[in-house]
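Comments concern the structure below.
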Amino acid sequence: MTKSELVEKFKKEMPEFTGTDEEKEIKTALYIYVELGKMKSFDERYYFGNSKMIRQAEREALLDKTDPNKIAKKKKIICITMTHLYKAILDDFGIESQTITEMTERNTINHMTNILNLKSGKRIMADAQLDMHRIQTGLSLKFFGCKSEYDTDVISDEKLTDMLVEIGYIRSKDDYRDEKIKKIKNKIEGLDLNEAVRTILNSPEIYEVNENLGEVEAFKYYYNILKMLKPDELGKNLFQFKCSKKIEGQEQPEYSFGIYSNAKDIEDLQIYLYSKKKRRLLECDLNKLAELEDNGLQIGRNKVGKATRQLYKFIKIRKRERKEKVSGDEAR
(Lines give C-alpha, C1' and ligand atoms only; values in the text may rest on other atoms or scores of the structure.)
Protein backbone atom coordinates (compact mmCIF):
# COMPACT_ATOMS: atom_id res chain seq x y z
CA MET A 1 0.00 0.00 0.00
CA THR A 2 1.44 3.38 -1.02
CA LYS A 3 1.30 6.52 1.12
CA SER A 4 -1.52 7.90 -1.07
CA GLU A 5 -3.48 4.67 -0.65
CA LEU A 6 -3.00 4.86 3.12
CA VAL A 7 -4.29 8.43 3.13
CA GLU A 8 -7.38 7.41 1.11
CA LYS A 9 -7.99 4.47 3.44
CA PHE A 10 -7.82 6.71 6.51
CA LYS A 11 -10.12 9.33 4.95
CA LYS A 12 -12.65 6.66 4.05
CA GLU A 13 -12.64 4.84 7.39
CA MET A 14 -12.08 7.72 9.83
CA PRO A 15 -15.16 8.60 11.93
CA GLU A 16 -16.74 12.07 11.79
CA PHE A 17 -15.31 13.76 14.86
CA THR A 18 -17.08 16.20 17.19
CA GLY A 19 -15.73 19.16 19.15
CA THR A 20 -13.78 22.33 18.47
CA ASP A 21 -11.46 22.68 15.48
CA GLU A 22 -8.53 22.00 17.80
CA GLU A 23 -10.14 18.83 19.18
CA LYS A 24 -10.95 17.58 15.68
CA GLU A 25 -7.35 18.20 14.61
CA ILE A 26 -6.01 16.24 17.60
CA LYS A 27 -8.46 13.38 17.06
CA THR A 28 -7.51 13.15 13.39
CA ALA A 29 -3.82 12.96 14.29
CA LEU A 30 -4.58 10.41 17.03
CA TYR A 31 -6.62 8.22 14.67
CA ILE A 32 -3.74 8.10 12.15
CA TYR A 33 -1.29 7.44 15.02
CA VAL A 34 -3.29 4.42 16.21
CA GLU A 35 -3.93 2.99 12.74
CA LEU A 36 -0.23 3.20 11.78
CA GLY A 37 0.62 1.53 15.09
CA LYS A 38 -1.62 -1.40 14.20
CA MET A 39 -0.11 -1.83 10.72
CA LYS A 40 3.62 -1.57 11.39
CA SER A 41 6.06 -3.42 13.64
CA PHE A 42 9.51 -2.56 14.88
CA ASP A 43 12.42 -4.01 12.90
CA GLU A 44 13.75 -7.01 14.88
CA ARG A 45 17.26 -6.40 13.55
CA TYR A 46 17.42 -3.12 15.45
CA TYR A 47 16.00 -4.51 18.70
CA PHE A 48 17.30 -8.08 18.87
CA GLY A 49 20.27 -8.00 16.48
CA ASN A 50 23.99 -7.44 16.86
CA SER A 51 25.76 -4.18 15.98
CA LYS A 52 26.03 -5.19 12.31
CA MET A 53 22.27 -5.76 12.04
CA ILE A 54 21.52 -2.53 13.90
CA ARG A 55 23.72 -0.50 11.54
CA GLN A 56 22.13 -2.18 8.52
CA ALA A 57 18.59 -1.37 9.69
CA GLU A 58 19.57 2.22 10.43
CA ARG A 59 21.28 2.71 7.05
CA GLU A 60 18.19 1.44 5.23
CA ALA A 61 15.95 3.73 7.30
CA LEU A 62 18.06 6.79 6.54
CA LEU A 63 17.81 6.00 2.81
CA ASP A 64 14.06 5.40 3.01
CA LYS A 65 13.10 8.42 5.12
CA THR A 66 12.70 10.75 2.11
CA ASP A 67 10.41 8.29 0.29
CA PRO A 68 7.08 7.91 2.18
CA ASN A 69 5.79 5.47 -0.45
CA LYS A 70 8.68 3.13 0.17
CA ILE A 71 8.13 3.28 3.94
CA ALA A 72 4.37 2.79 3.54
CA LYS A 73 4.92 -0.46 1.62
CA LYS A 74 7.15 -1.93 4.32
CA LYS A 75 5.86 -3.76 7.38
CA LYS A 76 9.02 -3.22 9.45
CA ILE A 77 10.03 0.24 10.61
CA ILE A 78 12.26 1.95 13.15
CA CYS A 79 11.74 5.38 14.73
CA ILE A 80 13.38 7.14 11.75
CA THR A 81 10.96 5.76 9.17
CA MET A 82 7.88 5.90 11.40
CA THR A 83 8.33 9.61 12.18
CA HIS A 84 8.77 10.50 8.50
CA LEU A 85 5.79 8.42 7.35
CA TYR A 86 3.57 9.88 10.08
CA LYS A 87 4.63 13.42 9.15
CA ALA A 88 3.99 12.81 5.44
CA ILE A 89 0.47 11.51 6.11
CA LEU A 90 -0.33 14.34 8.52
CA ASP A 91 0.70 16.81 5.79
CA ASP A 92 -2.02 15.38 3.54
CA PHE A 93 -4.57 16.05 6.30
CA GLY A 94 -3.39 19.64 6.68
CA ILE A 95 -1.77 18.99 10.07
CA GLU A 96 1.65 20.55 10.55
CA SER A 97 4.27 18.51 12.37
CA GLN A 98 8.01 18.25 12.76
CA THR A 99 10.48 15.45 13.40
CA ILE A 100 12.80 15.77 16.39
CA THR A 101 16.13 13.94 16.37
CA GLU A 102 17.76 13.00 19.68
CA MET A 103 21.50 12.40 19.35
CA THR A 104 23.92 10.33 21.41
CA GLU A 105 27.23 11.63 22.77
CA ARG A 106 28.90 9.93 19.79
CA ASN A 107 26.76 12.09 17.46
CA THR A 108 24.69 9.16 16.19
CA ILE A 109 20.89 8.99 16.16
CA ASN A 110 19.48 7.82 19.46
CA HIS A 111 15.78 8.35 18.73
CA MET A 112 13.38 10.31 16.50
CA THR A 113 9.89 11.48 17.37
CA ASN A 114 7.14 13.85 16.14
CA ILE A 115 5.73 17.05 17.52
CA LEU A 116 2.37 18.26 16.21
CA ASN A 117 2.10 22.02 15.67
CA LEU A 118 -1.64 22.65 15.96
CA LYS A 119 -3.37 25.60 14.29
CA SER A 120 -4.32 26.85 17.77
CA GLY A 121 -0.63 27.23 18.63
CA LYS A 122 -0.45 24.20 20.90
CA ARG A 123 2.37 21.67 20.46
CA ILE A 124 1.70 17.96 21.07
CA MET A 125 4.26 15.18 21.44
CA ALA A 126 3.41 12.07 19.40
CA ASP A 127 5.82 9.12 19.48
CA ALA A 128 4.06 6.44 17.43
CA GLN A 129 6.96 3.99 17.47
CA LEU A 130 7.16 3.87 21.27
CA ASP A 131 3.41 3.28 21.55
CA MET A 132 3.21 0.51 18.91
CA HIS A 133 3.35 -2.40 21.36
CA ARG A 134 0.66 -0.72 23.44
CA ILE A 135 -1.58 -0.12 20.41
CA GLN A 136 -1.21 -3.71 19.20
CA THR A 137 -2.18 -5.12 22.61
CA GLY A 138 -4.89 -2.67 23.61
CA LEU A 139 -2.95 -1.02 26.44
CA SER A 140 -3.41 2.61 27.43
CA LEU A 141 -1.23 4.97 25.39
CA LYS A 142 1.71 6.77 26.99
CA PHE A 143 3.40 8.78 24.25
CA PHE A 144 0.66 10.87 22.63
CA GLY A 145 0.20 14.23 24.30
CA CYS A 146 2.69 13.26 27.01
CA LYS A 147 4.97 15.53 28.99
CA SER A 148 8.30 16.12 27.24
CA GLU A 149 11.45 18.20 27.32
CA TYR A 150 10.33 20.11 24.21
CA ASP A 151 7.85 22.48 25.89
CA THR A 152 4.82 20.60 24.57
CA ASP A 153 1.25 20.69 25.86
CA VAL A 154 0.00 17.73 27.89
CA ILE A 155 -3.27 15.86 27.26
CA SER A 156 -4.69 14.40 30.48
CA ASP A 157 -5.27 10.64 30.74
CA GLU A 158 -9.01 11.24 31.05
CA LYS A 159 -9.15 13.44 27.93
CA LEU A 160 -7.00 11.00 25.95
CA THR A 161 -9.26 8.11 26.98
CA ASP A 162 -12.35 10.04 25.83
CA MET A 163 -10.72 10.66 22.44
CA LEU A 164 -9.63 7.01 22.12
CA VAL A 165 -13.26 5.99 22.70
CA GLU A 166 -14.42 8.37 19.97
CA ILE A 167 -11.88 7.12 17.41
CA GLY A 168 -12.87 3.50 18.19
CA TYR A 169 -9.70 2.25 19.90
CA ILE A 170 -11.61 1.27 23.07
CA ARG A 171 -15.26 1.30 24.18
CA SER A 172 -14.55 2.62 27.69
CA LYS A 173 -11.70 2.93 30.20
CA ASP A 174 -12.50 -0.60 31.42
CA ASP A 175 -11.68 -1.87 27.92
CA TYR A 176 -7.97 -1.05 28.29
CA ARG A 177 -5.78 -4.15 28.53
CA ASP A 178 -4.23 -2.55 31.64
CA GLU A 179 -7.51 -3.06 33.50
CA LYS A 180 -7.66 -6.72 32.48
CA ILE A 181 -4.05 -7.27 33.60
CA LYS A 182 -4.80 -5.73 37.00
CA LYS A 183 -7.53 -8.34 37.54
CA ILE A 184 -4.95 -11.11 37.10
CA LYS A 185 -3.28 -9.82 40.29
CA ASN A 186 -6.16 -11.30 42.31
CA LYS A 187 -5.70 -14.68 40.60
CA ILE A 188 -2.04 -14.96 41.56
CA GLU A 189 -2.37 -13.74 45.16
CA GLY A 190 -0.65 -16.28 47.45
CA LEU A 191 0.76 -18.44 44.62
CA ASP A 192 4.43 -19.36 44.44
CA LEU A 193 6.44 -17.80 41.61
CA ASN A 194 6.16 -20.69 39.14
CA GLU A 195 2.45 -21.10 39.65
CA ALA A 196 1.92 -17.34 39.40
CA VAL A 197 3.84 -17.14 36.11
CA ARG A 198 1.96 -20.14 34.73
CA THR A 199 -1.36 -18.53 35.67
CA ILE A 200 -0.37 -15.22 34.08
CA LEU A 201 0.79 -16.72 30.79
CA ASN A 202 -2.17 -19.09 30.47
CA SER A 203 -4.80 -16.39 31.06
CA PRO A 204 -6.80 -15.44 27.92
CA GLU A 205 -6.82 -11.85 29.20
CA ILE A 206 -3.07 -11.90 28.59
CA TYR A 207 -2.47 -14.00 25.46
CA GLU A 208 -5.49 -13.05 23.32
CA VAL A 209 -3.93 -10.20 21.32
CA ASN A 210 -3.93 -8.58 17.88
CA GLU A 211 -3.06 -11.13 15.18
CA ASN A 212 -0.63 -8.61 13.67
CA LEU A 213 1.43 -8.44 16.87
CA GLY A 214 5.14 -8.15 15.98
CA GLU A 215 7.94 -9.95 17.85
CA VAL A 216 9.41 -6.76 19.31
CA GLU A 217 5.95 -5.58 20.35
CA ALA A 218 5.30 -8.97 21.97
CA PHE A 219 8.61 -8.75 23.86
CA LYS A 220 7.76 -5.29 25.21
CA TYR A 221 4.20 -6.33 26.03
CA TYR A 222 5.21 -9.33 28.12
CA TYR A 223 7.93 -7.35 29.85
CA ASN A 224 5.29 -4.77 30.85
CA ILE A 225 3.06 -7.54 32.18
CA LEU A 226 5.81 -9.04 34.34
CA LYS A 227 6.74 -5.57 35.55
CA MET A 228 3.12 -4.89 36.53
CA LEU A 229 2.41 -8.25 38.16
CA LYS A 230 5.79 -9.42 39.52
CA PRO A 231 7.92 -6.28 39.95
CA ASP A 232 9.83 -7.60 42.97
CA GLU A 233 10.88 -10.80 41.17
CA LEU A 234 11.72 -9.35 37.74
CA GLY A 235 15.48 -9.14 37.29
CA LYS A 236 16.10 -11.20 40.44
CA ASN A 237 14.44 -14.57 40.08
CA LEU A 238 12.38 -13.92 36.96
CA PHE A 239 14.10 -13.03 33.69
CA GLN A 240 13.17 -12.27 30.10
CA PHE A 241 15.72 -13.07 27.39
CA LYS A 242 16.15 -12.52 23.66
CA CYS A 243 17.11 -15.34 21.32
CA SER A 244 17.87 -15.91 17.65
CA LYS A 245 18.68 -18.64 15.16
CA LYS A 246 20.50 -18.42 11.85
CA ILE A 247 18.53 -19.83 8.94
CA GLU A 248 20.36 -21.34 5.98
CA GLY A 249 20.08 -19.10 2.93
CA GLN A 250 18.87 -16.10 4.93
CA GLU A 251 21.05 -13.14 5.85
CA GLN A 252 18.82 -12.24 8.78
CA PRO A 253 18.35 -14.67 11.68
CA GLU A 254 14.93 -15.45 13.09
CA TYR A 255 14.42 -13.61 16.36
CA SER A 256 12.31 -14.49 19.36
CA PHE A 257 12.39 -14.40 23.16
CA GLY A 258 11.55 -16.30 26.30
CA ILE A 259 11.26 -15.99 30.05
CA TYR A 260 12.31 -18.18 32.96
CA SER A 261 11.49 -18.21 36.66
CA ASN A 262 13.12 -19.66 39.78
CA ALA A 263 16.50 -18.86 38.32
CA LYS A 264 18.43 -20.08 41.37
CA ASP A 265 17.27 -23.70 41.36
CA ILE A 266 17.63 -26.08 38.41
CA GLU A 267 14.99 -28.42 39.83
CA ASP A 268 12.33 -25.71 40.04
CA LEU A 269 13.39 -23.84 36.88
CA GLN A 270 10.45 -22.98 34.64
CA ILE A 271 11.05 -21.83 31.04
CA TYR A 272 8.76 -20.39 28.37
CA LEU A 273 9.55 -19.63 24.72
CA TYR A 274 7.50 -17.32 22.54
CA SER A 275 5.59 -18.95 19.68
CA LYS A 276 5.19 -16.60 16.70
CA LYS A 277 2.48 -18.86 15.27
CA LYS A 278 0.35 -18.89 18.44
CA ARG A 279 1.43 -15.38 19.54
CA ARG A 280 2.01 -16.49 23.13
CA LEU A 281 4.63 -17.93 25.47
CA LEU A 282 4.61 -21.73 25.74
CA GLU A 283 6.31 -23.87 28.37
CA CYS A 284 9.62 -25.48 27.37
CA ASP A 285 11.60 -27.82 29.62
CA LEU A 286 15.35 -27.52 30.11
CA ASN A 287 16.10 -30.67 28.08
CA LYS A 288 14.27 -29.22 25.07
CA LEU A 289 16.02 -25.87 25.46
CA ALA A 290 19.41 -27.60 25.60
CA GLU A 291 18.50 -29.50 22.42
CA LEU A 292 17.46 -26.27 20.69
CA GLU A 293 20.73 -24.66 21.75
CA ASP A 294 22.64 -27.61 20.28
CA ASN A 295 20.74 -27.03 17.03
CA GLY A 296 21.76 -23.39 16.73
CA LEU A 297 19.50 -21.39 19.05
CA GLN A 298 21.45 -18.46 20.48
CA ILE A 299 20.10 -17.38 23.83
CA GLY A 300 20.76 -13.71 24.44
CA ARG A 301 23.37 -11.72 22.56
CA ASN A 302 26.08 -13.46 24.57
CA LYS A 303 26.46 -15.97 27.40
CA VAL A 304 27.48 -13.52 30.08
CA GLY A 305 24.49 -11.18 30.20
CA LYS A 306 22.55 -11.04 33.46
CA ALA A 307 19.41 -12.55 31.92
CA THR A 308 21.22 -15.47 30.25
CA ARG A 309 24.26 -16.28 32.40
CA GLN A 310 22.35 -18.51 34.84
CA LEU A 311 20.33 -20.16 32.07
CA TYR A 312 23.50 -21.17 30.21
CA LYS A 313 24.87 -22.55 33.48
CA PHE A 314 21.80 -24.78 33.84
CA ILE A 315 22.01 -25.87 30.18
CA LYS A 316 25.66 -26.85 30.72
CA ILE A 317 24.72 -28.88 33.80
CA ARG A 318 21.89 -30.64 31.95
CA LYS A 319 24.15 -31.49 28.98
CA ARG A 320 26.75 -32.91 31.35
CA GLU A 321 24.07 -35.01 33.08
CA ARG A 322 22.90 -36.36 29.71
CA LYS A 323 26.45 -37.19 28.68
CA GLU A 324 27.12 -39.00 31.95
CA LYS A 325 23.88 -40.96 31.58
CA VAL A 326 24.79 -42.03 28.04
CA SER A 327 28.27 -43.05 29.21
CA GLY A 328 26.74 -45.02 32.08
CA ASP A 329 24.29 -46.80 29.77
CA GLU A 330 27.11 -47.73 27.37
CA ALA A 331 29.21 -49.09 30.25
CA ARG A 332 26.45 -51.52 31.12
Going by distance alone, is a donor N or O of one side chain under 3.5 Å from an acceptor N or O of the other, for [X] and [Y]?
| X | Y | result |
| --- | --- | --- |
| Gln298 | Glu293 | no |
| His133 | Asn224 | yes |
| Asn262 | Asn237 | yes |
| Thr161 | Tyr176 | yes |
| Tyr312 | Gln310 | no |

**Request:** Please report the C-alpha distance between Val197 and Leu229 in whole Å, then the side-chain angles of each, then the deciding distance to 0.1 Å, and finally whether the side-chain contact (heavy atoms from CB on, under 4.5 Å) criterion is met.
**Result:** CA-CA 9 Å; Val197 171; Leu229 298 178; over 6 Å; no
**Asked** Going by the angle between their ring planes, with limits at 30° and 60°, are Phe257 and Phe48 parallel, tilted or perpendicular?
**Response**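 Parallel, since the angle between the ring planes stays under 30°.
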Taking [Y]'s backbone N and O only, do any of them form a donor-acceptor pair with [X]'s side chain (distance below 3.5 Å, no angle check)?
| X | Y | result |
| --- | --- | --- |
| Ser148 | Tyr150 | yes |
| Asp131 | Arg134 | no |
| Lys75 | Met39 | yes |
| Tyr86 | Leu36 | no |

**Request:** Return yes when atom CG of Asp294 has more than 12 non-hydrogen atoms of other residues, nucleotides or ligands closer than 6.0 Å, and no otherwise.
**Result:**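 Yes, the 6.0 Å shell around CG holds more than 12 heavy atoms from other groups.
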**Prompt:** ring-ring contact (aromatic ring centres under 6.0 Å, His included) with Tyr47: which of Tyr223, Phe219, Tyr255?
**Reply:** Phe219
**Prompt:** Is Asp64 close to Ile80 at the side-chain level, that is, under 4.5 Å between some pair of heavy atoms?
**Reply:**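 In short, these two side chains do not touch, never coming nearer than 4.5 Å.
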**Item:** Heavy-atom check, side chain of Phe314 versus side chain of Asp265, under 4.5 Å
**Value:**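 Result no, sub-4.5 Å side-chain heavy-atom pair not found.
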**Request:** Mind running side-chain contact (heavy atoms from CB on, under 4.5 Å) on Arg45 and Asn50 for me, showing each step along the way?
**Result:** CA-CA 8 Å; Arg45 294 175 299 172; Asn50 56 27; over 6 Å; no
